[in-house]
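See structure below.
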Amino acid sequence: MFHLIDSHAHLDDSKFEDDREEVLDRARREGVVQIINAGYDLPSSARSTGLAAKYPCVFAAVGIHPHDAAGLPVDYLDRLREMARQQGVVAIGEIGLDYYRDLSPRDVQQRVFREQLALARELDLPVIIHDREAHGDILEILRRDGVGPAGGVMHCFSGSWEMARECMAMGLYISFAGPVTYPNARRPREVAARVDLSRLLVETDAPYLTPQVRRGKRNEPAYVRYVAEEIAAIRDMSLEELARVTTENARRLFGLPAVGDI
């Protein structure tokens, strides 16, 4: 039996309120042994730490999504710092820039992104980076500020191969979600075929970005298998080998215990 790690999900979302236990059971049956639950604002980050405390298979990331960068309390970094020191917290995220929806002013997004990169460097934690139609500014900030020795991951990667190569050189992993399975996903497929195996991760972003085979339904961690199957086919690998590699990568990046230790 192969093992998979869903490197990015939002199990604290209200869409899972009625059947979270069943969702986790289905994930286990599909070989998903660990899940990184990413915060996007202060309340969701607190919920994420709560899930990590309750479920041995769930680990938390805490952070402010660019959509929520405006209107933060002045002590938001102190509050993230306190949460980040709780048991089961393995990353700062998700953080970054989103120029598609522009729900926060771009200068505010950039400031909050840089402040959280600095927090991750201070705490020696990896970062989970959200980048939507902001490739140039993401790279500029990463070149200027850096991610620190703990590295990080470009979540649901949508950039070019050239961008992926530069991100890997900076110490970042490249993660793919449901969009790599979509029929028109030419660029993600091209990048997924070329990313160094030692820098490859898989995720769901559940409850969002459901893989093609389940489109129209709520996404959940069990469906990370479909992402892994697609990338394995693209790379002409067995699913078992792709699962082994991405599981090792996720454990290395996030400092996760072996399954028998959780």
Side-chain angles (χ1 to χ4, degrees), residues 5-10 36 38 40 61 63-69 91-104 106 109-110 112-113 116-117 126-143 147 151-197 199-215 219 221 223-224 226-235 242 246 249-250 253:
I5 293 176
D6 183 354
S7 66
H8 193 112
H10 299 282
I36 307 299
Y40 55 84
I64 307 298
H65 188 286
H67 288 345
D68 299 279
I92 299 296
E94 65 185 283
I95 66 176
L97 305 176
D98 192 309
Y99 293 173
Y100 177 72
R101 296 195 183 277
D102 273 327
L103 296 186
S104 297
R106 293 186 180 185
Q109 291 188 44
Q110 292 168 19
V112 171
F113 180 34
Q116 292 180 98
L117 285 173
V127 290
I128 299 173
I129 298 175
H130 172 102
D131 165 29
R132 191 166 187 192
E133 298 191 9
H135 307 323
D137 282 351
I138 286 278
L139 284 175
E140 182 180 349
I141 289 172
L142 291 175
R143 290 176 192 133
V147 295
V153 55
M154 298 298 294
H155 142 67
C156 192
F157 188 76
S158 60
S160 65
W161 164 242
E162 291 73 21
M163 181 179 182
R165 186 168 55 189
E166 183 169 355
C167 287
M168 288 188 288
M170 294 179 185
L172 292 164
Y173 289 71
I174 308 296
S175 183
F176 295 94
V180 78
T181 70
Y182 300 166
N184 61 349
R186 181 184 57 82
R187 178 183 277 184
R189 289 169 184 268
E190 289 176 354
V191 178
R194 302 178 70 180
V195 165
D196 294 351
L197 273 178
R199 290 281 158 180
L200 178 63
L201 297 179
V202 290
E203 61 170 278
T204 58
D205 200 22
Y208 314 107
L209 303 179
T210 309
Q212 182 66 28
V213 70
R214 297 284 185 171
R215 286 298 288 275
N219 201 4
Y223 298 169
V224 75
Y226 300 121
V227 178
E229 286 176 341
E230 187 72 29
I231 296 175
I234 290 169
R235 299 184 69 110
L242 192 282
T246 56
N249 291 346
L253 173 62

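This is a predicted model, so every value here is computed, not measured.
Distance check: L201 CG to D6 CG gives 10.5 Å after rounding to the nearest 0.5 Å. To the nearest 0.5 Å, atoms SG (C167) and CG (L139) are separated by 5.0 Å. Summarising the geometry, atom CD1 belonging to I129 is positioned 11.0 Å from atom CZ belonging to F157; distances are rounded to the nearest 0.5 Å. Of the inter-residue distances, the one linking R194 atom CZ with W161 atom CH2 reads 5.5 Å to the nearest 0.5 angstrom. Atom CE of M168 is separated from atom CG of L200 by 9.5 Å, given to the nearest 0.5 angstrom.
Take Q110 and apply the side-chain contact (heavy atoms from CB on, under 4.5 Å) test, not counting sequence neighbours, and it matches L97, Y99, R106, D137, I141. Judged as a side-chain contact (heavy atoms from CB on, under 4.5 Å), and not counting sequence neighbours, the contacts of S158 are H135. For the side chain to side chain donor-acceptor pair (under 3.5 Å) test, residues two or more places apart in sequence or in another chain that qualify with E94 are H8, H10, H130, H155. Take F113 and apply the ring pair (Phe, Tyr, Trp, His ring centres under 6.0 Å) test, not counting sequence neighbours, and it matches no residue. Listed by chain and number, the residues in a ring pair (Phe, Tyr, Trp, His ring centres under 6.0 Å) with H67 are H65 (sequence neighbours excluded).
No donor-acceptor pair closer than 3.5 Å links the side chain of D196 to the backbone N or O of R199. Side-chain atoms of S7 never come within 3.5 Å of backbone atoms of A250 as a donor-acceptor pair (strictly under, hydrogens ignored).
When side chains are defined from C-beta on, V227 counts as touching P211, because their heavy atoms get closer than 4.5 Å. A heavy-atom distance below 4.5 Å is found between the side chains of I95 and L117.
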Original post:
For T246 and I5, what are the C-alpha separation, side-chain angles and deciding distance, and is it a side chain to side chain contact (heavy atoms under 4.5 Å, CB included)?
Top reply: CA-CA 7 Å; T246 56; I5 293 176; over 6 Å; no
**OP:** Might you work through the side chain to side chain contact (heavy atoms under 4.5 Å, CB included) test for V180 and V191, ending with a clear yes or no?
**Re:** CA-CA 10 Å; V180 78; V191 178; over 6 Å; no
**OP:** Let me see the working for V153 and E203 under side chain to side chain contact (heavy atoms under 4.5 Å, CB included), right down to the final yes or no.
**Re:** CA-CA 11 Å; V153 55; E203 61 170 278; 5.6 Å; no
**OP:** For T204 and N219, run side-chain hydrogen bond (donor to acceptor under 3.5 Å, both in side chains): C-alpha distance rounded to whole Å, both residues' side-chain angles, the deciding distance at 0.1 Å, then the answer.
**Re:** CA-CA 7 Å; T204 58; N219 201 4; 4.5 Å; no
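Residues Y182 and T210 share a closest heavy-atom pair of OH-O, 2.9 Å. Of all the heavy atoms in T181 and Y226, the pair that sits closest is CG2-O, 3.9 Å. Across all their heavy atoms, Q109 and P66 have their closest contact at OE1-CB, 3.3 Å. When all heavy atoms of A177 and C156 are compared, the pair lying nearest together is CB-SG, 4.0 Å. Taking every heavy atom of both residues into account, I234 and A193 meet most closely at CG2-CB, 3.6 Å. In plain terms, the two heavy atoms of L209 and D205 that are nearest each other are CD1-OD2, 3.4 Å.
Among pairs with a residue in residues 164-189, those fulfilling salt bridge (charged side-chain N to carboxylate O under 4.0 Å, His left out) read R143-E166, R186-E190, R189-E230, at least two apart in sequence or across chains.
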